[in-house]
Amino acid sequence: MITRSGTKLASVIGAVCATVLTLSTPAAHAATTDTDHSATLAALKAFQAAAGPGAAVHAGNADESWTLSAGTGTVNANRPIKADEHIRIGSQTKTFTAVVVLQLAEEGRVSLDSPIDDYLPGVVTGNGYDGTRITVRHLLQHTGGLGAYTPSPGLKTPPSNPDGTFSLSTIVRYALDASPPVSAPGEGFTYSNTDYYILGMLIEKLTGQPVHQAVTERVIEPIGLPRTTFPAPGDRTLPAPAVSGYHGIRVGPLYAWIPAVSYDPSLFSSAGAMISTLEDLTAFYQALANGKVLSAKSLAEMRTARQVNPGRGYGLGLQTYEPSCGGTARGHSGGVPGYQTFTLTMDDGRYVSIVTNLLMQVGQPDAQLVKLLDTALCEDAPQRD
């Protein structure tokens, strides 16, 4: 299914339950003329054909916003994904976590260039790690040399508490023991969730609050993001309306979907536990860019990016991307069981936020994703020579 909608931006501020195996033959209809955002629509269809049961892109500029949807948000139903529906945003949580750390730096409660051992003595030790050499900035930018670790419910899972939740300290110890250092601090870039679990511990130590509460009170509530939550440990609820998440595979025109496994949000915590919508994510990154969250100095620090691939960089919890039409787009990607997301905004008002309701473990449609992001940002912008 392909659906389209457009609004003015001012008005938008375990057990297998079911399996589907069928040919991919989505129906289509349009709420606007066939020429509206045709290039982005084509890119969305190509992305969804290689991704989950459904996909959506929410994009626009300073004057208007629009949403395109392909496929379905619920299998065996004719249900386009909408920009105000709840989704699990995965690692886009990292930008929220980074904002709180930078706020604490503004308050003089932490120095970005001080070793993490100054604040969490003895935490980053063992298996070759030395927390006296790894700074807070290193953790924010994934340059501390920590080995990559990605939790997987029921597989790469640390010991849980008796109630099924997970503590940050246990996750950090498990991750450090599982993955030795990959480089000396400051010498390389290795994306690691462990960095942001440690930053979650830092936030809890300095604020005296659970990290979900600190992020809520310092970021979500002040900005006014009505459909964004950082769920407390034990709260597995995905509020309605919601996009259903799935596991699955594709083999040519065939695909099979099963509902995504349920997991406790504390397993991902400050590295990837949050819930939001395409609309709210756009509003968050726009508020960040407009100086409503951090001081100009802190925002400049956050935006100072290290190149990690041609045309792409990583700042302090903020990814950068150079679209084909010029300029710099900033935001973050995310992926947890059932969902893959990405949001980018530009200082001239352009933005794009995407979701598909599947996180593929192999054969991820990276090229189609980049094409979709770039097309949505650039469809009305002049191309570079």
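Keep in mind it's a predicted model, so treat the numbers as computed, not measured.
Interatomic distance, Trp257 CH2 to Leu358 CG, rounded to the nearest 0.5 Å: 5.0 Å. Taking CE of Met274 as the start and CG of Asp280 as the end, the distance is 9.0 Å to the nearest 0.5 Å. In this structure, CG on Leu176 lies 5.5 Å from OH on Tyr129, to the nearest 0.5 angstrom. One finds the CG atom of Asn357 at 7.5 Å from the OG1 atom of Thr72 (value rounded to the nearest 0.5 Å). Taken to the nearest 0.5 Å, the CG atom of Leu344 stands 11.5 Å off from the CG atom of Leu281. The structure places CH2 of Trp66 at 9.5 Å from CG of Leu41, a figure rounded to the nearest 0.5 Å.
By the 4.0 Å N-to-carboxylate-O rule, Asp113 lies close enough to Arg137 to be salt-bridged with it. Contact check on Asp84 versus Lys82 returns no salt bridge, with no Lys/Arg side-chain nitrogen under 4.0 Å from an Asp/Glu carboxylate oxygen. Using a cut-off of 4.0 Å between Lys/Arg side-chain N and Asp/Glu carboxylate O, Glu85 and Arg79 are scored as salt-bridged. The residues Asp366 and Lys371 are annotated as not salt-bridged, no charged nitrogen and carboxylate oxygen being separated by less than 4.0 angstrom.
Annotation: side chain of Asn193 is not in contact with side chain of Phe268 (no heavy-atom distance under 4.5 Å). Under the 4.5 Å side-chain criterion, counting only non-hydrogen atoms from C-beta, His247 is in contact with Pro337. Looking at Ile116 and Leu139, their side chains come closer than 4.5 Å, going by heavy atoms from C-beta outward. A 4.5 Å side-chain heavy-atom check between Val355 and Arg88 finds every atom pair outside the cut-off. The shortest side-chain heavy-atom distance between Thr40 and Val57 falls under the 4.5 Å cut-off. With contacts defined as side-chain heavy-atom distances shorter than 4.5 Å, the pair Arg218/Leu104 qualifies. No side-chain heavy atom of His86 sits less than 4.5 Å from a side-chain heavy atom of Val243. Looking only at side-chain heavy atoms (C-beta outward), Tyr351 and Met346 stay at 4.5 Å or farther from each other.
No hydrogens or angles considered: nothing links the side chains of His58 and Ser353 as a donor-acceptor pair under 3.5 Å. With hydrogens and angles left out, the side-chain atoms of Lys94 and Thr97 include no donor and acceptor closer than 3.5 Å. Between the side chains of Gln103 and Glu107, no donor-acceptor pair is found at a separation under 3.5 Å. Between the side chains of Ser91 and Tyr191, at least one donor-acceptor pair of N or O atoms lies under 3.5 Å. In this structure, a donor-acceptor pair under 3.5 Å is absent between the side chains of Ser266 and Ser269. A donor-acceptor contact under 3.5 angstrom links the side chains of Gln92 and Thr341, judged on distance only. Between the side chains of Thr320 and Arg330, not a single donor N or O lies within less than 3.5 Å of an accepting N or O.
Heavy atoms only, all atoms of each residue included: Ala50 and Gln368 are closest at CB-NE2, 3.5 Å. Across all non-hydrogen atoms, the minimal contact from Tyr339 to Gly245 is OH-N, 3.1 Å. Pairing each heavy atom of Leu377 with each of Cys325, the nearest pair is O-SG, 4.3 Å. Across all non-hydrogen atoms, the minimal contact from Val336 to Gly272 is CG1-O, 3.6 Å. Annotation for Val219 and Phe284: closest pair CG1-CE1, 3.7 Å, computed over non-hydrogen atoms. Ser298 and Glu106 get closest at one heavy-atom pair: OG-OE2, 2.7 Å.
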Problem set entry | Chi angles and distances behind the side-chain contact (heavy atoms from CB on, under 4.5 Å) call for Ser270, Leu168 | CA-CA 9 Å; Ser270 46; Leu168 279 168; 3.9 Å; yes
For this session: Verify side-chain contact (heavy atoms from CB on, under 4.5 Å) between Tyr321 and Val370, making sure each step is shown before the conclusion.
Result: CA-CA 10 Å; Tyr321 169 71; Val370 172; 3.8 Å; yes
Exercise. Which is it for His37 and Leu68 under the side-chain contact (heavy atoms from CB on, under 4.5 Å) test, yes or no, and what are the steps along the way?
Worked result: CA-CA 9 Å; His37 314 295; Leu68 307 178; 4.2 Å; yes
For this session: Before giving the answer on side-chain contact (heavy atoms from CB on, under 4.5 Å), spell out for Leu288 and Thr345 the whole-Å C-alpha distance, their side-chain angles and the decisive distance to 0.1 Å.
Result: CA-CA 10 Å; Leu288 178 61; Thr345 61; over 6 Å; no
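Checking side-chain atoms of Thr194 against main-chain N and O of Ala175 turns up no donor-acceptor pair under 3.5 Å. One N or O on the side chain of Gln319 and one on the backbone of Ser333 form a donor-acceptor pair closer than 3.5 Å. The closest donor-acceptor contact from the side chain of Arg250 to the backbone of Ala49 lies under 3.5 Å. Looking only at distances, a side-chain donor or acceptor of Thr356 sits under 3.5 Å from a matching main-chain atom of Gly52. In this structure, Gln364 contributes its side chain and Leu359 its backbone to no donor-acceptor pair below 3.5 Å. Within the 3.5 Å criterion, the main-chain N or O of Ala300 finds a donor-acceptor partner in the side chain of Thr304. Of the possible donor and acceptor atoms, none in the side chain of Glu379 sits under 3.5 Å from a partner among the backbone N and O of Ala39. Side-chain atoms of Thr207 never come within 3.5 Å of backbone atoms of Ala214 as a donor-acceptor pair (strictly under, hydrogens ignored). Judged purely by atom type and a 3.5 angstrom limit, Asn290 has no side-chain atom pairing as donor or acceptor with the backbone of Lys292.
Between Phe189 and His142, the two ring planes are perpendicular [angle over 60°; tilted spans 30° to 60°]. Using cut-offs of 30° and 60° for the angle between ring planes, the Tyr174 and Tyr149 rings count as perpendicular.
Two different hydrophobic clusters hold Leu140 and Val182 under the rule that ILVMFWY side chains link at heavy-atom gaps under 4.5 Å. Ile249 and Leu369 sit in two unconnected hydrophobic clusters of ILVMFWY residues. Membership requires side-chain heavy atoms under 4.5 Å apart, directly or through other members.
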Going by atom type alone, with no hydrogens or angles, which donor-acceptor pairs under 3.5 Å involve a side-chain atom of residues 197-205 and a protein atom two or more places apart or on another chain?
residue, atom, partner, partner atom, Å
Tyr197, OH, Leu267, O, 2.8
Glu204, OE2, Val211, N, 2.9
Lys205, NZ, Tyr119, O, 2.8

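Between Tyr314 and His332, the gap from one ring centroid to the other is short of 6.0 Å.
No option in Leu373, Ile81, Thr343 other than Leu373 meets the side chain to side chain contact (heavy atoms under 4.5 Å, CB included) test with Ile354.
By the 6.0 Å contact criterion, CZ on Arg306 is enclosed, its count of non-hydrogen atoms from other residues, nucleotides or ligands being greater than 12.
Shown here are the salt bridge (charged side-chain N to carboxylate O under 4.0 Å, His left out) partners of Asp163, two or more places apart in sequence or in another chain: there are none.
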